[in-house]
Amino acid sequence: MKIGILGGGQLARMLALAGYPLGMEFMVLDPAGDACARPLAQGIQAPYGDPAGLERLAREVDLVTYEFENVPAEAVARLQGQGKVFPGPLALATARDRLAEKRLFHELEIETAPFAAVEDEESLAAAVDRVGLPAILKSRTLGYDGKGQVRIGADEEPRAAWRALGEVPAILEGVVAFEREVSLIGVRGRDGAMAFYPLAENLHGDGILRLSRSRPGDPLQSRAETLVARILERLDYVGVLAVEFFQVGEQLLANEMAPRVHNSGHWTIEGAVASQFENHLRAVAGWPLGATSPTGHAAMVNLIGEAPPPSRVLKIPGAHLHLYGKASRPGRKVGHVTLVDAQQSRLEERLADLLEVLGEGGETGE
Ligand code: AMP
């Protein structure tokens, strides 16, 4: 089976690495000539919305999936016309627009931070009245890794934030004093079967995910599964879906969802029986899902900006190093390291060693 992927970054690369043992082949469409999945796949270099590129992709592959949600919805709709794209256009259109996403959460009785739509200075003033300050102004589309967001302090002028964001359609969100950020990765097959990984607990810095820990047996697991199952069913979803939540007391407030494999699920490569990448492929191919059960406690640390020399990471017992083959650049995810251990305490010791090696000793949230 040949799978086409819109986007040729590290997620496409890890999908390909998971798919080869299943006998799959890959073709990626990406505007960049040096996209890091290219060494593992046939490639088309074209903008995501390019009709000729999409046409060729559709002709040459059995089905199409994507590794990020900022592909034009029309491009996916065009492929859908040929019954070839998973997850489908409704999931994509919802997940790429923060307002549509939040409205879906509310329709499904999933709680969120207070929010209001902002289209111009008038609606900005109304949103501030409704949500209050401090708040975060987020662009409705094209935001990722903390980009497309401006915080507005209690004494700040909201219009300055609106200008800083570029006066684009946005939502204003109340700042949540959360205890934890967690994400749940679920997968739904073409036959409607669903499976969920253990919750991941996530630490961000500058809007970028730094560290994820799997939390097998977390008391909020079944609550989170109930909420994500509602989304999967409502969207008639096929593939892996990640939903990020803020935990406040016993409450889970949905922040956003990603209609694809997700950075907070990279630990599943070694920390679960079947990884999120394998399960995404099994789902879109219409095959039975793999077990999502954990193989131990897992922690994943992102390598951001530049990767350390491999030998320094690999001297830590049980460290799994994943380098994406990307050039160093500040703020860029160039790889990750996963640790898995049957004992939580030993995992934490090795994690402390790893963070030391990476020059990031200190804040681990434990
Ligand atoms: P997002 O792109 O929405 O995932 O935001 C990136 C990060 O900013 C989140 O993971 C949080 O750490 C923080 N953040 C986003 N929205 C809020 C909010 N409403 N309240 C508090 N922190 C937030």
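Both ligands and their constituent atoms are indexed starting at 1 by order of listing.
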Q. Should the pair R215-E201 be classified as a salt bridge under the 4.0 Å nitrogen-to-oxygen rule?
A. yes

For this session: Would you mind checking if D353 and K315 are paired as a salt bridge, meaning a charged N to carboxylate O distance below 4.0 Å?
Result: no

### Query
Can you tell me if G174 has a non-hydrogen atom under 4.0 Å from ligand 1?
yes

Given [options], which has its nearest heavy atom closest to [atom]?
{"atom": "atom 17 (C) of ligand 1", "options": "I171, T112, I136, V131", "result": "I136"}
{"atom": "atom 15 (C) of ligand 1", "options": "E173, K138, E101", "result": "K138"}
{"atom": "atom 12 (O) of ligand 1", "options": "R151, Q149, E181, R98", "result": "E181"}

Can you tell me if R282 uses its side chain to pair, donor with acceptor, with the backbone of P288 under 3.5 Å? yes

Exercise. Under 3.5 Å, is there a donor-acceptor pair between the side chain of K333 and the main chain of I208?
Worked result: no

With heavy atoms and a 4.0 Å threshold, my read on which part of N202 contacts ligand 1 is neither

[X]: numbered ligand 1 atoms lying under 4.0 Å from its heavy atoms:
{"X": "H204", "answer": "10 (O)"}
{"X": "N255", "answer": "1 (P), 3 (O), 4 (O)"}
{"X": "F178", "answer": "21 (C), 22 (N)"}

Give every donor-acceptor pair under 3.5 Å between a side-chain atom in residues 6-33 and any protein atom, sequence neighbours left out.
residue	atom	partner	partner atom	Å
Q10	OE1	K326	NZ	2.7
R13	NH1	C36	O	3.0
R13	NH1	Y324	O	3.1
R13	NH2	L323	O	3.3
Y20	OH	L40	O	2.3
D30	OD1	A32	N	2.8
D30	OD2	G8	N	2.7
D30	OD2	Y48	OH	3.3

inquiry  = If we count only N and O atoms by modelled type, under 3.5 Å, do the side chains of E181 and H204 hold a donor and an acceptor together?
reply    = yes

Do any N/O atoms on V176 end up under 3.5 angstrom from N/O atoms on ligand 1?
yes

Worksheet item: If you draw a 6.0 Å radius around CD in E306, do more than 12 non-hydrogen atoms from other residues or ligands fall strictly inside?
Response: no

